[in-house]
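Everything on this sheet refers to the single structure shown next.
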Amino acid sequence: MRWSQTFVPTLKESPSDAEITSHKLLLRAGLVRKLTGGLYTFLPMGLRVLRKIEQIIREEMNRAGGIEVLMPALQPPEIWQQSGRYETARDVLFKVKDSAQREWVLGPTHEEVITHLAASEINSYRQMPKNFYQIQTKFRDEIRPRFGLMRAKEFIMKDAYSFDATDEGAMASYRRMYDAYTRIFSRCGLKAFPVEADTGVIGGNYSHEFMVPAETGENDVVYCETSGYAANIEKATSRGPLLVTPSASTGAAPEKFATPGVVTIEALTAAPYGVEAHRQIKTLVYVADSDVILILLRGDDQLNEAKLMARTGAIQVRPATPEECASTLGARPGSLGAVAGVPAKVKVYADDALRGASGMVTGANDDGFHYRHVDIERDIRVGQWADFRTVRAGELAVASGQPLKIRRAIEVGHVFKLGTKYSEKMGAMFLAESGQRFPCVMGCYGIGVTRTLQAVIEQCHDDNGISWPLGVAPYQVCLTPLSVMAGSQPLVQAEKLYAELTAAGIEVLIDDRDERPGVKFKDSELVGFPLRVNLGEKSLAKGEIEIKPRNGAMFAVPIDQATTRVLEWLRQQAAPAVG
RNA sequence: CGGGACGUAGCUCAGCCUGGUAGAGCACUUGCUUUGGGAGCAAGACGUCGCAGGUUCGAAUCCUGUCGUCCCGACCA
């Protein structure tokens with residue numbers, strides 16, 4: 001391809017609406033342009049990278065036994081009502097009406113469609129396992145589109161759905177996808193690693209996310225370098241807080257004392273009270289679906305809402321308003337507690353870190369008063385103990401006992417074992433060998449294709465621009481004749497090289513623009529081609545052509561060896577086969 | 001939806017506080033020079049100052065509303 005005949009609108013400056021590096025580079029390198037918030041047009045270079053990533057995904061999915069299909073993006077609301085997600089996922093569902101005012105849904109994901117298909121087509125255990133996948137545009141009414149392609153209203157996703165007759169079969173399907181994902185991200189040149197994950201709205205009971213470490217990521221990953229443990233912070237556990245919870249009971253009864261104006265944990269740690277945060281019981285009032293509940297945590301701990309949803313089974317949780325707190329407990333936030341005045345219908349959950357706690361201080365459900373000498377198991381009616389706290393860096397890993405670390409990361413893929421949640425609701429049943437009818441055991445597996453593209457940029461760039469891994473680069477080689485006058489040696493030699501490399505199956509872009517050398521050098525490095533070949537009067541006069549790897553030092557080769565040396569370099573760089 | 005910032009040329013931004021001829025750099029057009037790391041000189045073209053109301057003799061500037069964008073939180077690939 002000739003630069004002058006394609007479309008690569010590079011920018012010297014970053015558009016003001018881009019905040020993070022990968023978003024700026026997407027725009028500066030001319031890969032995409034914004035239509036409006038969360039909606040982007042892919043330009044030629046961006047589209048080529050996208051197709052490369054899709055092809056890698058396709059090859060690895062096929063290798064792992066996946067069957068490619070293509071499902072409609074426009075879907076009838078009835079199947080969403082059938083699965084129950086018309087309500088639970090309503091916040092992300094784009095809805096449209098046709099001319100007869102009939103409502104349709106733009107698919108944010110395809111469990112409903114594929115399970116509907118399986119319900120009518122899969123009747124026997126002999127037809128399984130099956131793993132259907134597609135690469136397709138998804139629509140989500142994101143509350144806040146962000147960072148270019150990272151979180152968009154419309155994006156491209158590879159989604160796959162496995163159907164098995166048994167739980168063991170489903171685990172094997174899950175494992176195959178897990179391994180395929182590892183290969184896919186590796187072939188994309190991405191350092192991505194799997195972490196244990198919460199299962200969120202989709203539900204199910206076993207899940208990993210594939211994370212790309214990046215400060216700009218939207219996730220916190222808790223990990224242990226010794227044991228290899230890694231989990232999304234929503235799911236992560238530890239051996240508990242580093243400060244031990246006071247537990248030697250003094251036998252003293254709860255005593256109410258005045259704390260005028262004290263409404264924070266922090267304030268109670270100060271003089272004249274001097275109650276350290278880990279000696280306090282924090283009482284949170286939440287509304288889980290429609291029930292008001294209490295969650296007790298140690299004063300120095302933070303509630304993990306994902307865990308709260310998992311433990312209570314609630315679909316939606318939110319903090320109660322101050323008015324709801326007052327009407328439930330008779331006090332406002334800051335003086336809440338569970339020692340007295342908790343209505344019988346309000347369930348009290350307590351975090352495991354509070355087990356056996358005594359000599360604690362907590363709100364008295366009376367504005368301006370707290371209790372001291374509280375023994376949680378003696379004085380509070382705890383309905384259920386569980387892990388509700390958010391792990392902090394430095395706490396010890398459950399398995400290894402080594403300190404945990406926390407880092408930010410971008411989620412590029414997610415594998416779920418779904419179980420029979422959807423197959424039961426949608427009637428995807430089959431006849432087993434025994435003659436009994438069972439629901440198919442499902443798994444679902446997603447990769448954010450457009451997000452992966454941006455994650456590669458986030459991970460592979462320097463001050464000069466993008467540096468594409470060979471496997472996903474828009475072109476492998478950029479030929480840069482420093483003169484494009486008809487008949488000039490740089491152009492003649494460049495055309496010759498172009499013909500030879502193209503014939504050898506290499507993807508080559510020739511920068512035939514009548515621009516000064518500096519402009520061409522800057523642009524090729526900004527767009528990020530793995531290899532640039534400079535053809536200038538000076539070096540040609542010496543019988544040489546210059547080869548400049550994007551990430552390495554330039555070297556000169558004799559003109560007649562240029563093609564073979566380029567091919568050799570590309571062969572050496574090609575990622576070793578993964579398997 | 002809550003909190004914050006911002007809408008002026010294709011892009012980056014100044015001007016606004018203190019109302020009075022619409023600005024700079026880059027990009028674009030033409031010419032000359034230059035030609036191995038985002039060239040120089042000269043000439044030129046490009047704007048309903050997001051939109052709608054209001055105040056005023058007069059509004060980019062002050063007020064109100066509205067739309068849009070970006071950032072922080074709840075959601076997710």
Side-chain angles (χ1 to χ4, degrees), chain A residues 9-20 23-24 27-28 33-39 57 88-93 108-110 135-160 181 192 197-202 209-212 216-219 232 234 305-306 309 315-319 410-416 444-455 464-465 480-485 488 490 513-526 532 534-541 546 548 554:
Chain A
T10 56
L11 301 170
K12 276 195 209 176
E13 293 175 290
S14 300
S16 58
D17 53 6
E19 185 77 8
I20 67 173
H23 186 196
K24 289 177 183 171
L27 295 164
R28 286 192 56 210
R33 283 294 182 265
K34 184 173 77 170
L35 203 215
T36 182
L39 298 173
I57 292 174
T88 58
R90 68 174 179 273
D91 289 348
V92 297
L93 281 182
T109 174
H110 280 68
I135 296 174
Q136 189 229 28
T137 301
K138 299 286 188 259
F139 299 88
R140 290 190 190 173
D141 192 359
E142 287 291 344
I143 308 162
R144 179 151 86 94
R146 237 203 297 214
F147 300 152
L149 305 177
M150 283 295 184
R151 178 178 299 280
K153 289 178 193 292
E154 180 185 319
F155 63 98
I156 296 175
M157 177 160 135
K158 186 288 299 177
D159 47 328
Y181 276 31
D198 180 60
T199 47
V201 187
I202 295 181
E209 289 163 341
F210 283 77
M211 294 288 194
V212 174
T216 53
E218 300 183 73
N219 301 270
N232 191 306
E234 294 178 344
E305 288 195 359
M309 291 169 79
I315 289 159
Q316 277 191 315
V317 299
R318 63 169 176 86
I410 300 163
E411 180 190 352
V412 288
H414 201 162
V415 292
F416 283 90
C444 72
Y445 318 93
I447 291 179
V449 181
T450 38
R451 181 184 284 179
T452 297
L453 186 157
Q454 191 170 342
N464 292 318
T480 308
L482 300 185
S483 160
V484 292
M485 290 222 304
S488 71
R513 295 175 300 168
D514 186 13
E515 289 286 355
R516 295 166 61 85
V519 173
K520 295 189 176 190
F521 293 156
K522 287 287 185 189
D523 271 351
S524 76
E525 284 162 15
L526 175 60
R532 185 178 68 223
N534 298 339
L535 302 105
E537 300 279 5
K538 291 180 188 172
S539 51
L540 287 172
E546 291 159 358
K548 170 69 177 77
M554 184 160 72

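- A search for ring-ring contact (aromatic ring centres under 6.0 Å, His included) contacts involving F210(A) returns Y178(A), Y181(A), F185(A), not counting sequence neighbours.
- Summarising the geometry of V412(A) relative to A455(A), their closest heavy-atom pair is CG1-CB, 3.8 Å, with the distance given to 0.1 Å.
- Within the shown strands, G31(B) is the pairing partner of C41(B) under the Watson-Crick or G-U definition, both distances less than 3.5 Å.
- Side-chain atoms of R140(A) stay outside donor-acceptor range of the base of C76(B), with no qualifying N/O pair under 3.5 Å.
- Residues P481(A) and P490(A) come closest through the heavy atom pair CB-O, 3.7 Å.
- Pairing of A14(B), defined by two Watson-Crick or G-U wobble distances under 3.5 Å, is not identified with any nucleotide.
- Between the P atoms of G23(B) and G44(B), the separation comes to 14 Å (whole Å).
- Contact annotation: the side chain of N232(A) never approaches that of D198(A) to less than 4.5 Å [non-hydrogen atoms, C-beta and beyond].
- Across every strand in view, C70(B) sits in a pair with G4(B) that passes the Watson-Crick or G-U test at under 3.5 angstrom.
- Counting non-hydrogen atoms under 4.0 angstrom, A152(A) reaches a base of the nucleic acid.
- Toward the 5' end of RNA chain B, the nearer of the two residues V449(A) and P15(A), judged by each one's closest nucleotide, is P15(A).
- The separation between M157(A) atom CE and C75(B) atom P is 18 Å, rounded to whole Å.
- Using atom P as the reference point in both A9(B) and A14(B), the two lie 12 Å apart (nearest Å).
- With both ends at atom C1', the span from A45(B) to C26(B) equals 16 Å, rounded to whole Å.
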Polar atom pairs (N or O), protein with nucleotides 4-8 of chain B, under 3.5 Å:
none

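- Taking atom CG of residue N232(A) and atom C1' of nucleotide C76(B), one finds them 11 Å apart after rounding to whole Å.
- Contacts of E218(A) with the nucleic acid, taken as non-hydrogen atoms under 4.0 Å apart, include base atoms.
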Side chains of residues 10-19 of chain A: which donor-acceptor pairs under 3.5 Å do they make with residues two or more places apart or in other chains?
from	atom 1	to	atom 2	distance (Å)
T10(A)	OG1	D523(A)	OD1	3.0
T10(A)	OG1	D523(A)	OD2	3.4
D17(A)	OD2	K34(A)	NZ	2.7

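- Classification of U21(B) as syn follows from a glycosidic angle within 90° of 0.
- Using the Watson-Crick or G-U wobble rule with both distances under 3.5 Å, C51(B) pairs with G65(B).
- The heavy-atom pair separating G446(A) from M157(A) by the smallest distance is CA-CE, 4.4 Å.
- Using the Watson-Crick or G-U wobble rule with both distances under 3.5 Å, G20(B) pairs with C57(B).
- Remark: T137(A) OG1 to F155(A) CZ distance equals 9.5 Å, nearest 0.5 Å.
- With sequence neighbours left out, H23(A) forms a ring-ring contact (aromatic ring centres under 6.0 Å, His included) with no residue at all.
- Between the side chain of Q136(A) and the main chain of H110(A), no donor-acceptor pair closer than 3.5 Å is present.
- If you take CG of D159(A) and C1' of C76(B), they are 14 Å apart, rounded to a whole angstrom.
- Nucleotides G25(B) and U61(B) are separated by 25 Å at their P atoms, to the nearest Å.
- With contacts defined as side-chain heavy-atom distances shorter than 4.5 Å, the pair D159(A)/K138(A) qualifies.
- Put simply, OH on Y445(A) is 16 Å from C1' on A77(B), counting in whole angstrom units.
- Going from the P atom of G7(B) to that of C16(B) covers 13 Å, rounded to whole Å.
- Partner assigned to G36(B) is none, using Watson-Crick or G-U wobble distances below 3.5 angstrom.
- Nearest approach of V212(A) to A192(A), heavy atoms of both residues: CG2-CB, 4.0 Å.
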Hey, what are the protein-to-nucleotides 67-74 of chain B N/O distances that come in under 3.5 Å?
from	atom 1	to	atom 2	distance (Å)
U69(B)	OP1	T36(A)	OG1	2.9
U69(B)	OP1	G37(A)	N	3.2
U69(B)	O3'	K34(A)	NZ	3.0
C72(B)	OP2	R144(A)	NH1	3.1
C72(B)	OP2	R144(A)	NH2	2.7
C72(B)	OP2	R146(A)	NH1	3.1
G73(B)	OP2	R146(A)	NH1	3.4

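- Taking atom CD of E142(A) as the reference point, atom P of C1(B) lies 16 Å away to the nearest angstrom.
- Atom CE in M150(A) sits roughly 15 Å away from atom P in A77(B) (whole-Å rounding).
- Counting only heavy atoms from C-beta outward, the side chains of E305(A) and E234(A) never approach each other to under 4.5 Å.
- You'll find the side chain of L35(A) stays beyond 4.5 Å of the side chain of E154(A), heavy atoms only.
- As judged by a 4.0 angstrom heavy-atom cut-off over every strand, S14(A) is placed among residues touching the sugar-phosphate backbone only.
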A correct 5'-to-3' footprint of nucleotides 23-39 of chain B, with B, S and - meaning base, sugar-phosphate only and no protein heavy atom under 4.0 Å, is --BSS------B-BBBB

